[in-house]
Amino acid sequence: MNIELLHTDTLEQAGQKLKEETANLEFKTHKVACEAALGFICAKDVIAEENVPPFRRSTVDGYAVIAADSYGSGDSNPAFYQVTGHVNIEEPAMMTVKTGEAVQVQTGSMVPDGATAVLMVEYTEQYADGKIIGYKAVSDGENVIQPGEDIAVGECLIQRGRKINAGDIGIMAALGICDIEVYVPPAVTILSTGDELADIDEPLTASKIRDINSYALAAEARRMGMNVLRRLRVGDREPDIFEAVSRAAEDSDIILISGGSSKGNKDYTKRVLENFTGNVFTHGIAIKPGKPTILAYDRKFHTVIAGLPGHPMAAMLMFRMVIVRWYWEKSGRRTRPPYRARISENVSSNQGRETCLPVKLIRDSEGFTAKPIHAKSGSIAALAGADGYVRIPRNQEGLNRGEPVWVEVF
């Protein structure tokens, strides 16, 4: 019996150990131009230093008036105004509107002092030179956007940890923010171990299988905002694995090792990481799939190293639940809230180990139903068809059909 793997951490314990080991680790940051910031993670809160708009601004073409002058007006009882000026979009409003007066404005024009609303041009008619009538009553503030109504001085516009989108770039442009401080995407190296692995363009011979994990993990790492430096395939030889890890640590923030994390004759990952880092703090997580996961931290190069199971589903799930979760928390990113759903069928689980159950979300008249995707941990097709997963606690026998569950979405 393998006594070592009986001493496993829970998922939370493993995550807490990783957090503590990397407490002093700071991700690198740099500034990028506004137009190049799309998709980066904001590293510092962006605070507004000016109002948007900086002045009272008309939202329509029309006439700036005192709202009280229009009260009671309509098609059969128009209000009469003396037009005393015109304000173009690019010029300041130098005049003041008094009772019975109107100043013509355009969409985006500054609203002159004294005016409390803008009457749309569609509800006016010129009946003499410099004189108009209005057929509609307007209320105070109608068709006028106030200073700071869109963005106010001191407002936090883009929070640290936010993935910058097109709207955020528009906000920066509105405020004249030319660049923004963002996190440098962590550099990732992915090592797939195993003599049985062939690349996707190689013919399969004897018991060879194609390397799934390095491709899938690289794609997921990129989707999570990481920079994949390299994908390598390494045979089941301890010196080769050690050399690949030692070289990768020099320029990688994260190393993912797929396979070799269990206790078979050719499972060298733990020994390699012990020899290289002297700091393996987790070997075994009480979860299915994913039990043989190994976590280490190299203090010299400040590199997080994860030995992931060789089975594709287990490798992908543990990468998402341990490494991605740590990265998001460390950089201030918010995880997507889970979906409330009902499980579609009875599900048994492995008591003593938490179970991670991939599911398909199906919308119905009552909300969402979570349909389990039954597959062994070697299946990549099952994971590709899943929308998320349900975590079944280690002390729970399973789930009953119709039972409410929380689905953590991918």
Side-chain angles (χ1 to χ4, degrees), residues 9 14-15 17-28 183-194 197 211-262 266-285 290 292-312 314-331:
D9 292 328
K17 286 182 177 180
L18 178 57
K19 181 179 178 180
E20 291 172 356
E21 287 289 336
T22 59
N24 296 325
L25 171 66
E26 296 290 340
F27 291 136
K28 301 181 187 72
Y183 286 110
V184 176
V188 180
T189 290
I190 299 169
L191 306 178
S192 266
T193 66
L197 297 179
D211 174 20
I212 297 171
N213 288 358
S214 72
Y215 286 92
L217 288 168
E220 185 65 4
R222 292 187 183 102
R223 191 172 77 90
M224 294 296 107
M226 301 177 183
N227 175 30
V228 178
L229 293 181
R230 62 183 70 87
R231 295 183 303 102
L232 300 174
R233 284 186 296 117
V234 185
D236 288 317
R237 289 169 293 280
E238 186 174 345
D240 293 346
I241 299 172
F242 185 92
E243 182 180 3
V245 169
S246 60
R247 287 187 175 182
E250 294 178 4
D251 60 2
S252 301
D253 301 300
I254 299 169
I255 299 174
L256 305 176
I257 305 174
S258 169
S261 61
S262 191
K266 294 185 177 182
D267 292 328
Y268 301 120
T269 300
K270 181 171 185 287
R271 197 155 64 206
V272 166
L273 296 186
E274 284 178 333
N275 291 336
F276 181 70
T277 70
N279 187 27
V280 174
F281 53 86
T282 288
H283 185 201
I285 298 179
T293 300
I294 302 170
L295 298 175
Y297 181 59
D298 182 73
R299 297 189 179 98
K300 177 182 177 182
F301 293 108
H302 308 292
T303 303
V304 171
I305 309 176
L308 301 174
H311 289 308
M316 291 288 284
L317 285 172
M318 296 314 294
F319 173 56
R320 285 166 168 161
M321 291 193 291
V322 179
I323 301 302
V324 171
R325 185 170 293 176
W326 162 81
Y327 167 54
W328 280 27
E329 182 178 346
K330 191 83 173 169
S331 60

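Quick note: numbers below take in every heavy atom, side chains included, and nothing from hydrogens, waters or symmetry partners. Every value quoted in this text rests on a predicted model; they were computed, and no experiment measured them.
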Measuring only between side-chain heavy atoms, which start at C-beta, is [X] closer than 4.5 Å to [Y]?
| X | Y | result |
| --- | --- | --- |
| Thr189 | Val228 | no |
| Arg271 | Phe242 | no |
| Val234 | Leu197 | no |
| Leu191 | Leu256 | no |
| Leu229 | Val188 | no |

- Where do Glu238 and Asn275 land on the side-chain contact (heavy atoms from CB on, under 4.5 Å) test, with the steps shown first? CA-CA 11 Å; Glu238 186 174 345; Asn275 291 336; 3.8 Å; yes

Using modelled atom types and a 3.5 Å cut-off, is there a donor and acceptor pairing between side-chain atoms of [X] and backbone atoms of [Y]?
| X | Y | result |
| --- | --- | --- |
| Ser252 | Ala249 | no |
| Thr293 | Gly284 | no |
| Lys330 | Phe27 | no |
| Thr269 | Gly259 | yes |

Between [X] and [Y], which heavy-atom pair has the shortest distance, and what is it?
| X | Y | result |
| --- | --- | --- |
| Ile255 | Ala248 | CD1-CB, 3.8 Å |
| Asn213 | Gly310 | ND2-O, 2.7 Å |
| Ala315 | Leu308 | O-CD1, 3.8 Å |
| Gly290 | Pro309 | CA-CG, 3.8 Å |
| Ser246 | Glu243 | OG-O, 2.9 Å |
| Ile285 | Ala14 | CD1-CB, 3.7 Å |

[atom2] on [Y] to [atom1] on [X], rounded to 0.5 Å:
| X | Y | atom1 | atom2 | value |
| --- | --- | --- | --- | --- |
| His283 | Leu273 | NE2 | CG | 9.5 Å |
| His302 | Lys28 | NE2 | NZ | 9.0 Å |
| Ile294 | Met318 | CD1 | CE | 11.5 Å |
| Lys270 | Ile257 | NZ | CD1 | 13.0 Å |

- Message: Go through it in stages, so that I can follow the logic: the residues are Ile305 and Thr277, the test is side-chain contact (heavy atoms from CB on, under 4.5 Å), and I'd like the CA-CA distance, side-chain angles, deciding distance and then a yes or no.
- Response: CA-CA 9 Å; Ile305 309 176; Thr277 70; 3.9 Å; yes

- Message: Under the rule for salt bridge (Lys or Arg N to Asp or Glu O under 4.0 Å), what residues qualify as partners of Arg230, not counting sequence neighbours?
- Response: Asp251

- Does any donor atom in the side chain of Thr282 or Asp9 lie under 3.5 Å from an acceptor atom in the other side chain? yes

- Item | Selection residues 315-325 - residue pairs positive for salt bridge (Lys or Arg N to Asp or Glu O under 4.0 Å), sequence neighbours left out | Glu220-Arg320, Arg325-Glu408

- Item | Residue pairs, two or more places apart or on separate chains, that pass salt bridge (Lys or Arg N to Asp or Glu O under 4.0 Å) and touch residues 294-310 |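 For residues 294-310: Glu21-Arg299.
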
- Pair Arg237-Tyr268, side-chain contact (heavy atoms from CB on, under 4.5 Å): steps then yes or no: CA-CA 8 Å; Arg237 289 169 293 280; Tyr268 301 120; 5.6 Å; no

- Please list, chain by chain and in numerical order, all residues satisfying ring-ring contact (aromatic ring centres under 6.0 Å, His included) with Tyr297, sequence neighbours excluded.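 With sequence neighbours excluded, Tyr297 shows a ring-ring contact (aromatic ring centres under 6.0 Å, His included) to no residue whatsoever.
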
- Item | ring-ring contact (aromatic ring centres under 6.0 Å, His included) involving Phe281 - partner list, sequence neighbours excluded | none

- Message: For Pro186, give me all partners under side-chain contact (heavy atoms from CB on, under 4.5 Å), at least two apart in sequence or on another chain.
- Response: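 Residues passing side-chain contact (heavy atoms from CB on, under 4.5 Å) with Pro186: Met226, Asp253, Ile254, Tyr327.
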
- Leu295 vs Val280, side-chain contact (heavy atoms from CB on, under 4.5 Å): CA-CA, chis, key distance, verdict: CA-CA 6 Å; Leu295 298 175; Val280 174; over 6 Å; no

- Query: Do the numbers put Arg231 on top of the ring of Tyr215, so that NZ or CZ is under 6.0 Å from the six-membered ring centre and no more than 45° off the axis?
  - Reply: yes

